[in-house]
Every structure is written in structure tokens, then in C-alpha cells.
Engineer: 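My questions all concern the structure below.
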Amino acid sequence: MSMFHDRARIRIKAGRGGDGGLSFRREKFVPKGGPDGGDGGRGGDVIIVADKDLRDLSSFRAKSVFDARRGGNGSGTRKHGADGADVVLTVPVGTQITNAVDGSLVTDLREDQVRIVLARGGGGGRGNSNFATPTRQTPRYAETGMPGEAFELELHLKLMADAACAGLPNAGKSSLLARISNAKPKVADYPFTTLAPMLGTVDGRDGRQLTVADVPGLIEGASEGIGLGHEFLAHLERARLLLHVIDASEGDADERWRVIDRELSAYGAGLGERPQLVVLNKSDLDPEPAPFTVEDGRIVAVHRISCATGAGIDELKSLLFTLCEQDVSEPAPVVDEIPAFVEYRPRPPERRQFRVLRTGQGFRIVGVAPEGEELEAALRDAGVRPGSEVEIGDEIVVWEK
């Protein structure tokens with residue numbers, strides 16, 4: 001059985017732009033042809049797409065570094081370089097992406113086939129044909145391509161479901177999901193049978209469908225991260241309705257409800273205010289079950305079932321459709337209150353105050369020349385090699401690093 005992965009950390013880098021061409025027209029009867037270097041192509045972008053058919057982020061376990069292709073260099077006869085190929089990543093619907101450096105939100109993909117550009121490729125450099133003037137007819141330099149954006153990102157999947165099961169271990173959540181949906185979870189009579197969240201589709205008689213999520217059983221302290229509580233509780237955040245499943249055969253259903261409800265409230269993210277359908281399971285084991293006496297405005301209904309015999313299951317399915325569709329006009333609560341998808345610059349790139357030009361002998365820095373590591377990085381990106389001449393203002397140095 002494969003593991004469920006709802007978190008991943010990736011590094012992405014968009015492609016560098018191609019260098020502008022440094023070329024002069026060469027024709028048989030034109031001994032001093034003018035500059036004809038074309039522009040470099042744009043670097044490829046890194047794009048992410050939401051796909052409803054994907055279930056988790058396991059594809060990022062084997063590979064976590066993604067680089068788009070650089071743009072092609074410009075060449076003679078003013079030929080432009082080709083644009084670099086994009087890298088397209090696919091993730092499940094419900095994936096939230098944050099900047100790994102400062103934790104800021106990058107995008108939240110809550111709709112199928114949404115496409116977001118995470119990192120933009122660098123612009124191509126201009127060829128020397130762009131720099132010819134009446135007084136400078138043979139420019140012997142061209143621009144190098146700009147570097148693409150690069151980021152380190154955290155991916156976090158939060159399941160998208162109409163309803164989600166919550167409850168203590170061994171309350172019967174997996175058995176319930178197997179009874180009402182097409183899901184086939186592992187079911188056994190011991191705690192923590194469910195080790196990973198699972199989605200199931202519930203079919204109505206009139207063709208309607210709902211999605212229901214089952215998450216591993218919660219324990220006291222789950223809101224503080226005990227027993228991986230935070231990871232499990234996160235999958236409840238986007239459900240419109242909570243199916244609070246309780247083992248009613250033990251006779252303390254009220255206290256069992258309070259244990260989980262305290263954890264939901266302590267976790268936050270709106271779970272303490274989410275409507276609850278209380279499902280009292282294992283009613284077949286006690287012919288005279290103790291009454292459930294909790295009165296709370298969030299409890300929209302209380303229903304007794306037996307996953308073992310099937311008693312009350314059909315009525316529960318009808319009730320589930322009724323309750324979920326009562327709030328169709330109101331979207332499921334979302335803590336961060338952001339739209340279905342947003343696009344941010346993880347770190348807005350600062351506009352350079354200089355450009356690197358490629359010359360016949362090496363490179364020229366134009367504008368406010370940087371110092372130290374920034375200059376070294378810019379020259380390395382431009383392709384500097386030991387022995388290259390680098391012109392900075394009125395000074396020419398030979399690159400030795």
C-alpha cells in the first residue's frame with residue numbers, strides 16, 4: 001500500500017534568457033556590413049496546474065528540483081533565439097503553496113485546471129543590431145539574457161470535500177465511508193486503522209454526488225500536534241459539514257463528543273464553528289443506548305446507525321444531501337478568506353540598475369555596477385570564464401575566478 005503524501009518542498013528556477021547575437025553582415029560585395037545580431041529568446045517559465053484526478057503529492061518524493069530551459073541565443077541576419085521550454089508541474093486540487101523562506105502565501109489551487117506561473121523566465125538580451133546609431137555604426141557588444149526567477153516553495157494539500165468525518169480512533173469512520181461511498185478503506189477492529197486521509201464519492205438517487213473525506217482518528221492533544229494532529233486536522237478545514245462519528249456502544253457518547261470538539265476548537269481554522277452532523281455508530285451493540293444529551297447550536301442533526309448491519313445508512317445518506325445542499329449559496333468556510341486561486345510574486349524581483357553586455361573580448365557592465373557577490377553572480381549567469389575581459393566604467397580587468 002503506497003503512502004499518502006500531503007506535503008512537499010520543492011526548488012524551482014525559471015530559465016535564463018538567451019544572449020543577444022554579436023554579429024556583422026558578411027556579403028561578397030559588402031566588405032563592411034552592418035551589425036545584424038538578433039535578440040535572445042525568453043527563458044522558460046515554471047507553471048503549476050491543479051488536476052482533480054491526482055490524490056496526493058507523492059510525485060514530488062522522487063524529484064524536488066525543477067529548472068526550466070534557457071532561451072536560445074540570437075544569431076546573424078537578425079535571427080531571434082527560440083524561447084526556452086516551460087516546466088509544467090501538476091498537483092491535486094486543494095494544494096496550497098507558500099514561500100519556504102518567509103511562509104507567505106503564493107497561491108491556493110481550489111479549482112480544477114487552474115494554471116499559475118510560479119517563476120517567470122528571464123528576458124532575452126538584445127542583439128548588437130539594436131545598438132547601431134549614425135555615430136556608432138559597428139557596435140561590438142550585445143546584451144546577455146536576464147536570469148529567471150528562483151524560489152523554494154512548500155506544498156501543502158488540504159482535501160476538498162463537502163463533508164469530512166471526525167472522531168476518536170475506532171469510532172467507525174472508515175466503515176461509514178465504505179458504507180455510504182465508493183471508497184474502499186481498510187477496516188479493522190483496532191485503533192488507527194486509517195493511516196492516511198481518504199476521499200469517497202456518495203451517489204444520490206437522482207444523480208447528485210457528494211464527496212466525503214475520512215481522516216485518521218483524533219486523540220486528545222491533536223490540536224497541539226500530538227499524534228500528527230495538525231496534519232490530520234488540516235484536512236477538515238475546507239469541509240462544509242463535519243460528520244462527527246461516535247461509538248455509542250460505550251455509553252459515554254456525550255463525553256466522547258466533547259473530547260473531539262475541544263480539539264476542533266483549540267485547532268482554530270474555523271473548525272470550532274463548523275456545523276456538525278453527529279453520527280452515533282454501533283447502535284446494534286446496545287438495544288437501549290444511552291441518550292445523547294449535548295445541546296449545541298452547531299449540531300444540526302443526530303442520527304443513529306450501525307455500519308455492521310446497515311441500519312440507518314440510507315436515511316443518513318438522504319440527510320447528508322439535505323444538509324450539504326442547504327448551504328449551497330454559501331461557500332464552505334475557508335480560514336484565509338482568499339479566492340479560489342491567487343497569484344503572488346513570492347519575492348518581488350528588484351529591478352537591476354545595471355546590464356551585462358557581451359563584447360568581442362569579454363563583458364561590459366553598463367549602469368550602476370554592483371559589488372562583491374552580486375557582481376560575481378551576474379557575471380557567472382552571463383557565462384564569464386577565467387581569462388575573460390570585464391569592462392567596468394573606465395577599468396578593464398581580467399576575470400580570474
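Since we're looking at a predicted model, the values are computed, not measured.
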Engineer: Would you mind telling me which of Asp252, Thr293, Leu168, Val278 makes a side chain to side chain contact (heavy atoms under 4.5 Å, CB included) with Trp257?
Structural biologist: Val278
Engineer: Does any N or O in the side chain of Gln137 come within less than 3.5 Å of the main-chain N or O of Pro134, such that one atom is a donor and the other an acceptor?
Structural biologist: yes
Engineer: Return the CZ to OG1 distance between Arg179 and Thr309, rounded to the nearest 0.5 Å.
Structural biologist: 7.0 Å
Engineer: With sequence neighbours excluded, tell me which residues meet ring-ring contact (aromatic ring centres under 6.0 Å, His included) with Phe363.
Structural biologist: none
Engineer: Taking the side chain as everything from C-beta on, heavy atoms only, tell me whether Cys165 gets closer than 4.5 Å to Val212.
Structural biologist: yes
Engineer: Say you draw a straight line from CD1 of Ile10 to CZ of Phe60; how long is it, rounded to the nearest 0.5 Å?
Structural biologist: 5.5 Å
Engineer: Does CZ belonging to Arg298 count more than 12 external heavy atoms closer than 6.0 Å?
Structural biologist: yes
Engineer: Apply side-chain contact (heavy atoms from CB on, under 4.5 Å) to Leu243 and Leu320, showing your working.
Structural biologist: CA-CA 9 Å; Leu243 291 179; Leu320 187 59; 3.9 Å; yes
Engineer: Thinking salt bridges, do Arg42 and Asp83 make one under a 4.0 Å N-O criterion?
Structural biologist: no
Engineer: Do Asp162 and Leu241 have side chains that approach each other closer than 4.5 Å (heavy atoms only, starting at C-beta)?
Structural biologist: no
Engineer: Classify the ring geometry of Tyr141 against Phe131: parallel below 30°, tilted from 30° to 60°, perpendicular beyond 60°.
Structural biologist: tilted
Engineer: Evaluate the side-chain proximity of Val398 to Val390: yes if any heavy-atom separation is below 4.5 Å, no if none is.
Structural biologist: no
Engineer: Please examine the side chains of Val87 and Asp67, heavy atoms only from C-beta on, and report whether any two atoms are closer than 4.5 Å.
Structural biologist: no
Engineer: About how many Å separate CD1 of Ile97 and CG of Asp108, when rounded to the nearest 0.5 Å?
Structural biologist: 9.0 Å
Engineer: By ring-ring contact (aromatic ring centres under 6.0 Å, His included), which residues pair with Phe24, not counting sequence neighbours?
Structural biologist: none
Engineer: For residues Ala68 and Gly44, report the shortest heavy-atom separation together with the two atoms involved.
Structural biologist: CB-O, 3.3 Å
Engineer: Just checking Lys13: does its NZ atom have more than 12 heavy atoms from other residues, nucleotides or ligands closer to it than 6.0 angstrom?
Structural biologist: no
Engineer: Considering only NZ, NE, NH1 and NH2 on the basic side and carboxylate oxygens on the acidic side, decide whether Arg9 and Glu154 come within less than 4.0 Å.
Structural biologist: yes
Engineer: In sequence, state the C-alpha distance, the side-chain angles, and the governing distance for Leu316 and Val279, and then conclude on side-chain contact (heavy atoms from CB on, under 4.5 Å).
Structural biologist: CA-CA 9 Å; Leu316 176 62; Val279 180; 4.1 Å; yes
Engineer: Can you check whether Ala239's main-chain N or O pairs, donor with acceptor, with Arg274's side chain at less than 3.5 Å?
Structural biologist: yes
Engineer: Is a side-chain donor-acceptor pair under 3.5 Å present for Asp36 with Ser23?
Structural biologist: yes
Engineer: Using a 4.5 Å cut-off on heavy atoms from C-beta on, say whether the side chain of Arg16 contacts that of Thr144.
Structural biologist: yes
Engineer: Side chains of Arg110 and Arg238: closer than 4.5 Å at any heavy-atom pair?
Structural biologist: yes
Engineer: Mind checking the CG-CD spacing from Leu242 to Gln276? Nearest 0.5 Å is all I need.
Structural biologist: 5.5 Å
Engineer: With distance as the sole test, does Asp284 use its side chain to make a donor-acceptor pair with the main-chain N or O of Ser306 at under 3.5 Å?
Structural biologist: no
Engineer: Between Glu143 and Arg355, does at least one N-O distance fall below 4.0 Å, as a salt bridge requires?
Structural biologist: yes
Engineer: Looking only at side chains, do His156 and Gln96 share a donor and an acceptor under 3.5 Å apart?
Structural biologist: no
Engineer: In a check of side chain to side chain contact (heavy atoms under 4.5 Å, CB included) between Trp399 and each of Glu376, Glu389, Arg385, which one passes?
Structural biologist: Glu376
Engineer: Determine the minimum heavy-atom distance between Pro291 and Asp254, stating which atoms define it.
Structural biologist: O-OD1, 3.9 Å
Engineer: Can you find a pair of side-chain heavy atoms, one from Arg258 and one from Val294, that are under 4.5 Å apart?
Structural biologist: yes
Engineer: Answer yes or no: is there an ion pair linking Arg69 with Asp45, defined by an N-O contact shorter than 4.0 Å?
Structural biologist: no
Engineer: Run the salt bridge (Lys or Arg N to Asp or Glu O under 4.0 Å) test on Lys158 and Glu237 for me, step by step, so that the C-alpha distance in whole Å, both residues' side-chain angles and the decisive distance to 0.1 Å come before the verdict.
Structural biologist: CA-CA 7 Å; Lys158 297 180 181 180; Glu237 289 184 21; 3.0 Å; yes
Engineer: Let's go through Leu264 and Leu236 carefully: what are the C-alpha distance in whole Å and the side-chain angles of both, what is the deciding distance for side-chain contact (heavy atoms from CB on, under 4.5 Å) to 0.1 Å, and is it a yes or a no?
Structural biologist: CA-CA 9 Å; Leu264 297 175; Leu236 304 179; 3.9 Å; yes
Engineer: For the residue pair Ile116 and Leu109, establish whether any side-chain heavy-atom pair is separated by less than 4.5 Å.
Structural biologist: yes
Engineer: Working to the nearest 0.5 Å, report the span between OG1 of Thr95 and CD1 of Ile48.
Structural biologist: 7.0 Å
Engineer: Between Glu255 and Arg262 (salt bridge meaning N to carboxylate O under 4.0 Å), is one present in this structure?
Structural biologist: yes
Engineer: Run the side-chain contact (heavy atoms from CB on, under 4.5 Å) test on Asp51 and Asp112 for me, step by step, so that the C-alpha distance in whole Å, both residues' side-chain angles and the decisive distance to 0.1 Å come before the verdict.
Structural biologist: CA-CA 5 Å; Asp51 186 343; Asp112 186 38; 4.3 Å; yes
Engineer: Could you go through Lys282 and Asp247, starting from their C-alpha distance and side-chain angles, then the distance that decides it, and tell me whether this counts as salt bridge (Lys or Arg N to Asp or Glu O under 4.0 Å)?
Structural biologist: CA-CA 6 Å; Lys282 305 184 183 181; Asp247 180 353; 3.3 Å; yes
Engineer: Return the CG to NZ distance between Asp203 and Lys317, rounded to the nearest 0.5 Å.
Structural biologist: 7.0 Å
